[in-house]
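Below you'll find the structure, written out as structure tokens, and then a few comments.
As the structure is a computational prediction, the values presented were derived from the model and not from experiment. Numbers here are sequence positions counted from 1. In what follows, every heavy atom counts, from backbone to side chain, and hydrogens, waters and symmetry copies are set aside.
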Amino acid sequence: MAASQDESIIALRREMLEMRRQMSGEIQQLKARIVRDEGPGALRSSSLASRRQQVARAAAQPAPWSGPLPVIGDVEGASHPHGPRTDAETRTALSEGPIPSWAEFKAASEQDESVHIGGMRIGFPSGRPTIASDDKAYSFSVGLLAQEDIGGFVGSGPKPGETKGNFNNLTENARRLRLYFTWRYKDWVANVTPDFGSSSVDGTVGLFEANLNYTGFNHTTLTVGYFQPRGDEESAERSGAFEFLERPTIVDLVRNIAGGVARFSIGGEHYEDRWLVAGYFTGQKFGDRSKDTTITDSQTGGVLRVAGRPYVSKDIDLYVGGSATTAFKVNESSKGRQYTFSDNTEIPLGETSLLSSGALTDVAQIWAAGPELALRWRRFLLKGQYYHVGVQRDHSGTDPLPSLGFDGWYVAANYTLFGKPRGYNSKIAAFTTPGVEKDFDPAHNHWGALELSGRWSVTDLDDVPNQGGTGINGNQQTAWEAGLNWYPNRHIRFMLDYERFIISRSTGGSNKAINVLGRDGNAVVGRIQASF
């Protein structure tokens, strides 16, 4: 029995020695990781003493079970604002950025309540589910933008000799249903965003973005992949912050020349408090070659934006900007290099497009440029923009088609009835949503934020007779809109828009039978939006 006990003691000592070697190895690995992430100074006696104090404080907490104890709330030493909301915290949570740098991400994470389990941090910054490592070098988050529209057209019936077209008296449409998946490793950020409402026609599924970003340079984001270059203030606002359901028609037409959703892009933008500059080289859109399998030469182009804020005070914000875009060449398919400008009536209910330039053939290059101006005075915001579009033709044929010039502009006014007025966001050089200082709570006389908007926009795609070939001409669209937007909190928005549209006749293109004499009408549409 004594011999058996001696053998057991020897075996136990061997196990203890092995455990000690393993623990020593793990301690060395932990020290190496601390030095790598925090520098050699992290192992000094003062730093180690601070860590021992943190461990002692954590150990002093009562543990209801023998496993690891989750810590709910802020990280030790981090500040958390328990007072009134900051200006940024009152604004609608924008699902599409701007992308924070690693330093900004760490600073923001310190202020959000989270759960710490096994070296991981789980929380909901800005309402977005986020999992991050304790040092915040690794993170994964999921965001959401959901927009559901319901409405219809009134008094837009066909005139004698015209077919009706798709102008429903009452219909519904899932305009944008996006899930934002974001992966981060320090200053490297990858975004993949499927869109289950990627068109004005309900039920269309597509891709909004799939790109890689680097944010390691001060106030700078570099991007490569499928992306939406923001070429003007209206686009920079993000679709969750528009004053109306959609952008003005001229803005949509211009941004799609070499930009738009899911355009291959490589470039970046840099901002300061008073100015922003952005530039991108672009290619074809995601899905172009699947929609037209005859494409043999893909599009290339570029987008440039410059914006500034020359004067700012408590009551006044003056914004001045300019942008330019060009398609050095458009996609070449079995029909040659062909391009068509066409858009709906700024109401996204899947209606028939009445505005068109006609199919423009032998296109060598397309470009657009124009200035923009905005002025905020207290609760009132006025802004406008003008674009000129040039279409250069290939003059190598025996009967060359003329080069063309189109024009468009808009003027919009906005007034915040209650809540914080629209404010300027220097990171995107755009005016963002009103602020909700206190969430909707009628029992305590809290009503969120409410704004009233009006807009006039004109797009002229008619330059010369037979611009698309014999018998094919463009036309012009004028839209008057009024809108009312209510924000019960920073994640939910209810919108109601009324529009009066007037469109001149079309003498070419696939929809010419719908618009023989010119069409006009009215539309009333509401939208429910959730954004995280």
Side-chain angles (χ1 to χ4, degrees), residues 228-239 242-244 246-261 263 265 267 269 271 275-282 301-310 317-328 330 339-343 346 355-357 360 363-376 381-392 403-414 424 428-431 454-464 467 474-481:
Q228 179 184 193
R230 274 85 180 190
D232 49 62
E233 191 276 340
E234 190 78 21
S235 297
E237 283 183 11
R238 274 54 171 178
S239 52
F242 291 162
E243 295 177 19
F244 296 90
E246 297 299 322
R247 305 173 185 87
T249 291
I250 185 60
V251 173
D252 257 345
L253 294 179
V254 168
R255 77 187 188 94
N256 280 296
I257 292 174
V261 170
R263 175 79 70 178
S265 307
E269 64 181 32
Y271 77 90
W275 57 273
L276 176 145
V277 61
Y280 299 90
F281 170 82
T282 65
V303 177
L304 176 66
R305 181 191 181 204
V306 178
R309 189 163 58 148
D317 260 313
L318 177 62
Y319 168 89
V320 178
S323 59
T325 183
T326 181
F328 306 129
V330 300
Y339 195 91
T340 301
F341 289 96
S342 181
D343 200 20
E346 301 180 7
L355 176 69
S356 177
S357 64
L360 306 177
V363 175
Q365 186 183 47
I366 303 176
W367 62 271
E372 53 186 342
L373 181 68
L375 175 66
R376 180 192 66 84
L381 174 64
L382 180 68
K383 63 180 184 179
Q385 185 170 15
Y386 166 81
Y387 268 122
H388 179 77
V389 181
V391 180
Q392 306 298 320
S403 294
L404 306 172
F406 304 133
D407 299 283
W409 59 88
Y410 79 90
V411 177
N414 172 276
Y424 185 82
I428 59 176
F431 291 90
R455 186 170 72 194
W456 167 55
S457 72
V458 177
T459 304
D460 186 0
L461 300 180
D462 186 13
D463 185 16
V464 298
Q467 63 187 27
N475 57 355
Q476 177 178 300
Q477 173 178 293
T478 301
W480 298 87
E481 292 183 71

Do the side chains of [Y] and [X] get nearer than 4.5 Å, heavy atoms only?
X    : Y    : value
T326 : F328 : yes
E243 : L381 : yes
N414 : F431 : no
I257 : V389 : yes

Going from [atom1] on [X] to [atom2] on [Y], what distance comes out if it is rounded to the nearest 0.5 angstrom?
X    : Y    : atom1 : atom2 : value
L382 : R376 : CG    : CZ    : 13.0 Å
R247 : S239 : CZ    : OG    : 6.5 Å
R305 : S323 : CZ    : OG    : 8.0 Å
L360 : T340 : CG    : OG1   : 6.0 Å
I250 : D407 : CD1   : CG    : 8.0 Å
Y424 : D317 : OH    : CG    : 8.0 Å

Check [X] against [Y] and note the closest heavy-atom contact, atom names and distance.
X    : Y    : result
Y280 : S265 : CD2-CB, 4.3 Å
L355 : S342 : O-OG, 3.1 Å
P229 : T282 : CG-CG2, 4.1 Å
Y339 : N256 : OH-O, 3.5 Å
S235 : G231 : CB-N, 4.4 Å
L276 : I428 : CD1-C, 3.9 Å

(message) Taking salt bridge (Lys or Arg N to Asp or Glu O under 4.0 Å) as the definition, give me every residue that meets it alongside E346, ordered by chain and number, with sequence neighbours left out.
(response)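 By the salt bridge (Lys or Arg N to Asp or Glu O under 4.0 Å) rule, E346 matches R455.
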(request) Check whether the side chains of Y410 and T459 place a donor and an acceptor atom closer than 3.5 Å, and report yes or no. (result)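 Judged by distance alone, the side chains do not pair up.
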(message) Just by distance, no angles: are the side chains of E269 and Y271 close enough, under 3.5 Å, to form a donor-acceptor pair?
(response)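 Per modelled atom types, E269 and Y271 side chains form no pair under 3.5 Å.
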Answer yes or no: is there a donor N or O on one side and an acceptor on the other, between the side chain of [X] and the main chain of [Y], under 3.5 Å?
X    : Y    : answer
N475 : D462 : no
Q467 : L461 : yes
R255 : L253 : no
D463 : G405 : yes

Solution key, residues 363-374 side-chain donor-acceptor pairs under 3.5 Å, sequence neighbours excluded:
unit_1: E372; atom_1: OE1; unit_2: E233; atom_2: N; d: 3.1
unit_1: E372; atom_1: OE2; unit_2: E233; atom_2: N; d: 3.3
unit_1: E372; atom_1: OE2; unit_2: Y319; atom_2: OH; d: 2.9

(request) Any chance you could lay out the side-chain contact (heavy atoms from CB on, under 4.5 Å) test for L318 and L375, step after step, and finish with the verdict? (result) CA-CA 5 Å; L318 177 62; L375 175 66; 4.3 Å; yes
